[in-house]
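Both backbone and side-chain heavy atoms feed into the values below; hydrogens, waters and symmetry mates do not.
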Amino acid sequence: MNSIDIEVLRTALQWLGAGKRVVLGTVVRTWGSAPRPPGSLMIIREDGQVAGSLSGGCIEDDLIRRVAAGELALHQPETTVYGSNAEEAQRFGLPCGGSVQVVLEPLNDSAWPAELLRRVEAAERTERVVDLASGAVRLRRAPRGEQLFYNERELRTVHGPRQRLLIIGGGQLSRYLATMAVMLDYRVTVCEPRVEYHEGWDAIPGVDLSTRMPDDEVLAMHLDEASAVVALTHDPKLDDLALMEALRTPAFYVGALGSRVNNERRRERLLQFDVSPEQAARLHGPVGLRLGGLTPPEIAASIVAEMTAIRRGADISQPLTDWSLSASICAVG
């Protein structure tokens, strides 16, 4: 669950506490090109105030009008579709003839939003199960790999902690990577035990600086499926021990800076530390997509691009070869 969706829950609780009628909308299916993915959330207050987004503005005005008029989700969940034909897609501004299916639920007298927010803030990955006939909601621990499920009888959505990024090393490249990751809604921790790299990190909002040894920080963070680790120090004494521990966790992304040759040597070293061949194969190194970047911000952009592709399940099966920048990245790490 990202910070926007957490804010949706918090706002819903505020409105419900003030006695307002509130409707929750969830994108459950999309066809063609749709502005927001399944699982996107928005709440609509009886007077038309909203938080969150279902389409980036395409269908919100019509939903607000229908909720305010009492046409939707007064007593139990309802489903509505926008863009069911080309004329409607054009009227609502949906791109490329796309369609969006939305489930709307009345939240009044619901106890589950407070409990879900508590679980999410406690870093518990939670599945919300909605009986679409009665509106009854159950919360349970989310099965691994489960995301959104919808049919005419039941809606299941998965909510969990925000994505986390652990960056090993506090050099120049780390500063660009941390800043970009914050913009992508990651909770960022920079682990740097070397005091000469500490200055200035308190000026970057949303980034925590840890002075632990990197392997100790990996263990302390209890990395999960929403976690990523990128090692950028070029010092095997710092990078390798952290990578050894990170590759044993469910972290969705573990990467290390360096050339193809250096990363092959790193994998060989990791195998000597009882890292299995399957775990060593999870290491992304050279880190990042091959975008041809040469400067620290360009390299940082390639790293967050690869992290995004892995997290979203995109196909990046093209083999990575040694970058043209491999001779120069040591100067920016």
Side-chain angles (χ1 to χ4, degrees), residues 125 142-147 160-161 163-169 173-174 177 181 186 188-193 210 212-291 293 299-300 302-327 329-330 333:
R125 194 165 182 269
R144 178 172 293 184
E146 184 89 357
Q147 292 299 325
Q163 283 77 28
R164 294 183 294 166
L165 171 62
L166 172 61
I167 302 173
I168 310 300
L173 175 55
S174 297
L177 178 58
Y186 283 84
V188 179
T189 299
V190 173
C191 183
E192 180 53 88
S210 169
R212 288 188 177 109
M213 289 299 293
D215 53 326
D216 291 335
E217 183 63 30
V218 171
L219 293 173
M221 287 183 65
H222 302 288
L223 302 175
D224 55 19
E225 295 92 342
S227 303
V229 179
V230 179
L232 301 178
T233 72
H234 290 294
D235 184 344
K237 297 190 299 296
L238 298 176
D239 285 347
D240 286 7
L241 291 177
L243 294 169
M244 174 185 71
E245 299 295 348
L247 289 167
R248 294 170 176 165
T249 73
F252 76 88
Y253 183 89
V254 180
L257 189 67
S259 68
R260 178 181 56 81
V261 172
N262 284 340
N263 274 286
E264 286 303 320
R265 291 172 180 165
R266 175 179 282 117
R267 290 184 181 91
E268 293 173 2
R269 293 196 301 270
L270 290 171
L271 293 173
Q272 298 173 10
F273 285 108
D274 294 327
V275 173
S276 72
E278 293 78 15
Q279 291 168 339
R282 293 182 55 218
L283 178 66
H284 293 272
V287 71
L289 295 181
R290 188 181 178 187
L291 304 181
I299 298 168
S302 74
I303 295 172
V304 296
E306 185 174 47
M307 288 167 51
T308 302
I310 295 296
R311 184 166 64 88
R312 295 297 189 187
D315 181 11
I316 57 169
S317 58
Q318 292 297 321
L320 290 174
T321 58
D322 208 350
W323 293 16
S324 61
L325 56 85
S326 60
I329 54 179
C330 291

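Look at Glu268 and Arg265 and you find no salt bridge, because none of the NZ, NE, NH1 or NH2 atoms lies under 4.0 Å from a carboxylate O.
Residues Leu166 and Cys191 have side chains in contact (heavy-atom distance under 4.5 Å, counting atoms from C-beta outward). In this structure the side chain of Tyr253 reaches within 4.5 angstrom of the side chain of Val230, judged on heavy atoms. Residues Met221 and Val229 are not in side-chain contact: their nearest non-hydrogen atoms beyond the backbone lie 4.5 Å or more apart. Residues Asp224 and Arg164 form a side-chain contact, since some pair of their non-hydrogen atoms from C-beta on lies under 4.5 Å apart. At a threshold of 4.5 Å between non-hydrogen side-chain atoms, the residues Leu241 and Met213 do not count as touching.
Residues satisfying the side chain to side chain donor-acceptor pair (under 3.5 Å) criterion with Ser210, sequence neighbours excluded, are Glu217.
Rounded to the nearest 0.5 angstrom, Asp215 CG and Phe273 CZ are separated by 10.0 Å. Rounded to the nearest 0.5 angstrom, Thr249 OG1 and Gln279 CD are separated by 9.0 Å. Here the straight-line distance linking atom CD1 of Ile168 with atom CG of Asp240 works out to 11.5 Å at 0.5 Å rounding. The distance from atom CG of Leu219 to atom CZ of Arg212, rounded to the nearest 0.5 Å, is 9.5 Å. Expressed to the nearest 0.5 Å, how far CD1 of Ile167 lies from CD of Glu192 amounts to 11.5 Å. The CE atom of Met244 sits 5.0 Å away from the CZ atom of Arg248 when rounded to the nearest 0.5 Å.
Scanning all heavy atoms of the two residues, the minimum distance from Met307 to Ala228 falls at CE-CB, 4.0 Å. In terms of heavy-atom proximity, Ala256 sits nearest to Leu243 at CB-CD1, 3.8 Å. Here the closest heavy-atom approach between residue Leu223 and residue Pro250 is recorded as O-CD, 3.4 Å. Between Gly258 and Pro286, the shortest heavy-atom distance links the atoms O-CB, 3.3 Å. For the residue pair Arg266 and Leu257, the shortest heavy atom distance occurs at NH1-O, 3.5 Å. Closest of all the heavy-atom pairs between Gly255 and Val287 is CA-CG2, 4.0 Å.
For the side chain to side chain contact (heavy atoms under 4.5 Å, CB included) criterion with Asp235, the lone passing option out of Leu238, Asp239, Leu232 is Leu238. Of the residues listed (Thr308, Leu291, Leu289, Leu177), the one engaging Ile303 in a side chain to side chain contact (heavy atoms under 4.5 Å, CB included) is Leu177, and it is the only one.
Between the side chain of Arg267 and the main chain of Gly285, a donor-acceptor pair closer than 3.5 Å is present.
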